[in-house]
Amino acid sequence: HESQNVHPIGKTIITQKIRKGMMKTSKLIIAVSLMCIIVLATQSCSDNALYDSAYSFKGNEWQKSDTASFYVDVTDSITNYDFILSLRTTKDYLYSNLWVHIMITSPDQSTSKVAQKIPLANPDGSWIGKVSGSLVESRLRFDAKNFPIKGQYLFQITNATQEVVIEEVVDIGLRIE
């Protein structure tokens, strides 16, 4: 058959064209992948938090006398913010929630105080928060509003339970975004 007598130069040219096409496709895939990685890295690195800090408890014990204090400087009294508590406990924490008092003192020295329940475990005992190793991190958005006036605000968080010491509490944090 004549169709079986293909000249080797013809095969080489076709093979080179296929390789060039594959190389262009590979370069395009790599370029698109790099763009996606850069976009994701940029988004994850940009932090829109006005404030983010945590108070650690010595020996993982929250004493009734311990107060977690956070000083927040506010320059914008128009934007609405989300107020988020984060609580890290060990997996040995004994309760399904934790009650705290949040006292806020504004720049004009007016104060407000609320009791807030932080849910930590489901009725079946499974953790609600993210578990990593021996730690459980629970987050709770407890408010969303603007600051009424500019200046320095003081957020104080205290143990609102009847216990003198709450064991297995690593830290509590305040994030405003």
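Pairs of residues two or more places apart, or lying in two chains, that qualify as ring pair (Phe, Tyr, Trp, His ring centres under 6.0 Å) and include a residue from residues 84-133 are Tyr93-Tyr95.
Looking only at side-chain heavy atoms (C-beta outward), Thr161 and Trp62 stay at 4.5 Å or farther from each other. Side chains of Val131 and Lys91 form a contact here, defined as non-hydrogen atoms less than 4.5 Å apart.
Scanning all heavy atoms of the two residues, the minimum distance from Ser69 to Leu154 falls at CB-CD1, 4.1 Å. Smallest separation of non-hydrogen atoms from Ala68 and Ile172: CB-CG2, 3.7 Å. Shortest non-hydrogen contact noted between Lys145 and Phe83 is O-CE1, 3.6 Å. Lys117 and Leu140 get closest at one heavy-atom pair: O-CD2, 3.3 Å. Taking both residues in full, the closest heavy atoms of Ile149 and Val74 are given as O-CG1, 4.3 Å, listed atom of the first, atom of the second, then distance. Counting all heavy atoms, side chain and backbone alike, Asn97 lies closest to Pro119 at CB-CA, 4.1 Å.
Atom CG of Asp73 sits about 13.5 Å away from atom CG of Asp76, to the nearest 0.5 Å. To the nearest 0.5 Å, atom CG of residue Leu98 and atom CD1 of residue Ile166 are 4.5 Å apart. Between Arg139 atom CZ and Ser86 atom OG the span is 6.5 Å, to the nearest 0.5 Å. Atom CD of Glu61 is separated from atom CG of Asn159 by 12.0 Å, given to the nearest 0.5 angstrom. Atoms CE and CD, on Met103 and Gln156 in that order, are 4.0 Å from each other to the nearest 0.5 Å. In this structure, the separation between OG on Ser56 and CG on Asp66 is 11.5 Å, given to the nearest 0.5 Å.
The environment of Lys113 atom NZ is sparse: at most 12 non-hydrogen atoms of other residues, nucleotides or ligands sit within 6.0 angstrom.
The hydrophobic cluster containing Val100 also contains Leu120, counting ILVMFWY residues as joined when their side-chain heavy atoms lie under 4.5 angstrom apart, directly or transitively. At a threshold of 4.5 Å between side-chain heavy atoms, the hydrophobic network of Ile, Leu, Val, Met, Phe, Trp and Tyr places Leu50 and Phe70 in one connected group. Under the 4.5 Å side-chain contact rule for hydrophobic residues, Val164 and Leu94 do not share a cluster.
Asn146 places a side-chain N or O within donor-acceptor distance of the main-chain N or O of Ser77, the cut-off being under 3.5 Å. Remark: the backbone N or O of Ser110 is paired with a side-chain donor or acceptor of Asp108 at under 3.5 angstrom. A distance-only check finds no donor-acceptor pair linking the side chain of Lys64 to the backbone of Thr158 [under 3.5 Å].
Ring-plane geometry between Tyr153 and Phe147 is classed as tilted, the angle between the planes lying from 30 to 60 degrees on a 0 to 90 degree scale.
For the side-chain contact (heavy atoms from CB on, under 4.5 Å) with Ile176, the lone residue among Asp143, Val72, Ile84 that qualifies is Val72.
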Check the pair Thr90, Val170 against side-chain contact (heavy atoms from CB on, under 4.5 Å), reporting the backbone distance first and the verdict last.
-> CA-CA 7 Å; Thr90 69; Val170 178; 4.0 Å; yes
Should Ile118 and Leu85 be marked as a side-chain contact (heavy atoms from CB on, under 4.5 Å) after you check the CA-CA gap, both sets of side-chain angles, and the distance that decides it?
-> CA-CA 8 Å; Ile118 304 172; Leu85 287 178; 3.9 Å; yes
Please assess Ile104 against Ile102 for the test side-chain contact (heavy atoms from CB on, under 4.5 Å), listing each intermediate value before the final yes or no.
-> CA-CA 7 Å; Ile104 304 169; Ile102 304 168; 4.2 Å; yes
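With sequence neighbours excluded, no residue forms a side-chain hydrogen bond (donor to acceptor under 3.5 Å, both in side chains) with Glu163.
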